[in-house]
Asks: 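Below is the structure I would like to discuss, written out as structure tokens.
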Amino acid sequence: MPLSVGSTLPDVDLAAIGPDGPEAKGRDALFGGKTVVLFAVPGAFTPTCNNNHLPGFIAQADAIKAKGVDTIAVVAVNDVHVMSAWKAASDAGDKVLFLADGSAAFTKAADMVLDATAFGLGIRSQRYAAVITDGVVKAIAVEDSPADAAASGADAVLAMLDAL
């Protein structure tokens, strides 16, 4: 069953670049005892993800965190090095945590798979944004089309947070 309000996130490691290279990050380390905005994109550097989705979260990071959010994180079915390069290219600094789901294990366990093989992209994640408290989804918006980033964009997340 796809992620929905009340779902507990799957206990699957994601990866991020740390000071000494790639680091596995488990559910409890990422989400335990925290409020996290997690947004998922089909792919780093892809046009909608890079030009429309990510920039809003960077620009609105302070406003989102002012609503009690501890971490803003983006996840994509890309390897940790691609996600690290995307972070550097975006000038996100510490505003957004870039998480790699290189083998789509998290995406599959969350039942949020987007089959983009027809476009040469393979298995990817659906585009969505969720507010997660202590590993449980409190609000979520999933885009109808991977080319859209309105329902899961930063402005929509701010409205989600206001509604909680």
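Note that the structure is a prediction, hence the values are computed from the model and not measured.
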Asks: Measuring from atom NZ of Lys34 to atom CG of Asp28, what distance do you get when rounded to the nearest 0.5 angstrom?
Replies: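 Rounded to the nearest 0.5 Å, the NZ-CG separation comes out at 10.0 Å.
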Asks: Which heavy-atom pair separates Ala141 from Ala151 by the least distance, and what is that distance?
Replies: CB-O, 3.2 Å
Asks: When rounded to the nearest 0.5 angstrom, what is the spacing between CG in Leu30 and CG in Asp70?
Replies: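 Nearest 0.5 Å value for the CG-CG distance: 12.0 Å.
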Asks: List, one per line, each side-chain donor-acceptor pair under 3.5 Å for residues 153-164, sequence neighbours excluded.
Replies:
{"residue": "Asp155", "atom": "OD1", "partner": "Gln60", "partner atom": "NE2", "Å": "3.0"}
{"residue": "Asp162", "atom": "OD1", "partner": "Lys67", "partner atom": "NZ", "Å": "2.7"}

Asks: Could you tell me whether a side-chain N or O of Asn52 sits under 3.5 Å from a main-chain N or O of Ala149, the two making a donor and an acceptor?
Replies: no
Asks: Return the set of residues passing salt bridge (Lys or Arg N to Asp or Glu O under 4.0 Å) with Asp91 (not counting sequence neighbours), or none when no residue passes.
Replies: none
Asks: To the nearest 0.5 Å, what is the distance between CG on Asp79 and CG on Asp101?
Replies: 11.5 Å
Asks: With a 4.5 Å heavy-atom cut-off, do His81 and Ile17 have their side chains touching?
Replies: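 Result yes, sub-4.5 Å side-chain heavy-atom pair found.
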Asks: Check the hydrophobic clustering (I, L, V, M, F, W, Y; side-chain heavy atoms under 4.5 Å; chains of links allowed) and say if Val137 and Leu38 are grouped together.
Replies: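 Yes, it is one cluster - the side chains of Val137 and Leu38 are joined through contacts under 4.5 Å.
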Asks: Tell me, please, which residues at least two apart from Pro42 pass side chain to side chain contact (heavy atoms under 4.5 Å, CB included).
Replies: Cys49, Leu114, Arg124, Arg127, Pro146
Asks: Looking at Glu143 and Gln126, would you say the former's side chain and the latter's main chain have a donor-acceptor pair under 3.5 Å?
Replies: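 Not a single qualifying donor-acceptor pair exists.
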Asks: Does the Arg27 side chain pair with the main chain of Leu9, one donor and one acceptor, at a distance under 3.5 Å?
Replies: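 Checked: pair present.
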Asks: So, using salt bridge (Lys or Arg N to Asp or Glu O under 4.0 Å) as the criterion, who are the partners of Lys108 when residues are at least two apart?
Replies: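 Partners of Lys108 by the salt bridge (Lys or Arg N to Asp or Glu O under 4.0 Å) criterion come out as none, since no residue qualifies.
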Asks: Under the 3.5 angstrom rule, does the side chain of Ser103 hit a backbone N or O of Ala105 as a donor-acceptor pair?
Replies: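 No: the side chain of Ser103 does not pair with the backbone of Ala105.
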Asks: For Pro10 versus Leu3, what's the shortest heavy-atom pair and its separation?
Replies: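 It is CD-CD2, 4.5 Å.
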Asks: Between the side chain of Asp115 and the main-chain N/O of Thr117, is any donor-acceptor distance below 3.5 Å?
Replies: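 Side chain of Asp115 to backbone of Thr117, a donor-acceptor pair under 3.5 Å: yes, one is there.
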Asks: Indicate the atoms forming the closest heavy-atom contact of Ile58 with Ser90, along with that distance.
Replies: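 Smallest interatomic distance, heavy atoms only, reads CD1-O, 3.8 Å.
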Asks: For the residue pair Ser125 and Val77, what are the closest heavy atoms and their distance?
Replies: N-CG2, 3.8 Å
Asks: Verify side-chain contact (heavy atoms from CB on, under 4.5 Å) between Ile72 and Lys65, making sure each step is shown before the conclusion.
Replies: CA-CA 8 Å; Ile72 301 167; Lys65 289 182 178 179; 4.1 Å; yes
Asks: According to a 4.5 Å side-chain heavy-atom criterion applied to Ile, Leu, Val, Met, Phe, Trp and Tyr, with indirect links allowed, do Val80 and Leu99 form part of one hydrophobic cluster?
Replies: no
Asks: Would Val131 and Ile140 show up in the same hydrophobic cluster when neighbours are defined by side-chain heavy atoms closer than 4.5 Å?
Replies: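 Looking at the clustering, Ile140 is in a separate group from Val131.
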Asks: If you link I, L, V, M, F, W and Y whenever their side-chain heavy atoms are under 4.5 Å apart, who else ends up in the same group as Ile123?
Replies: Val113
Asks: Examine Val75 and Val82 and state if one hydrophobic cluster contains both, with Ile, Leu, Val, Met, Phe, Trp and Tyr joined whenever side-chain heavy atoms are less than 4.5 Å apart.
Replies: no
Asks: Where do Ala44 and Asn78 come nearest, in terms of heavy atoms and distance?
Replies: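 The pair with the smallest heavy-atom distance is N-OD1, 2.8 Å.
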Asks: Would you check if the side chain of Lys87 reaches a backbone N or O of Asp94 as a donor-acceptor pair within less than 3.5 Å?
Replies: no
Asks: Any pair with a residue in residues 98-156 that passes ring-ring contact (aromatic ring centres under 6.0 Å, His included), sequence neighbours left out, goes on the list, sorted by first then second residue, please.
Replies: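 Non-adjacent pairs meeting ring-ring contact (aromatic ring centres under 6.0 Å, His included): Trp86-Phe98.
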Asks: I would like to know whether Thr71 and Phe31 meet side-chain contact (heavy atoms from CB on, under 4.5 Å); could you show each step before the answer?
Replies: CA-CA 9 Å; Thr71 306; Phe31 303 100; over 6 Å; no
Asks: If every non-hydrogen atom of Val142 is compared with every non-hydrogen atom of Met112, which pair is closest and at what distance?
Replies: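 Shortest heavy-atom contact: CG2-CE, 3.6 Å.
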Asks: Show your reasoning for whether side-chain contact (heavy atoms from CB on, under 4.5 Å) applies to Leu97 and Val36.
Replies: CA-CA 10 Å; Leu97 175 62; Val36 178; over 6 Å; no
Asks: When you compare the side chain of Leu54 with that of Val41, does any pair of heavy atoms fall below 4.5 Å?
Replies: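 Counting from C-beta outward, Val41 and Leu54 never come under 4.5 Å.
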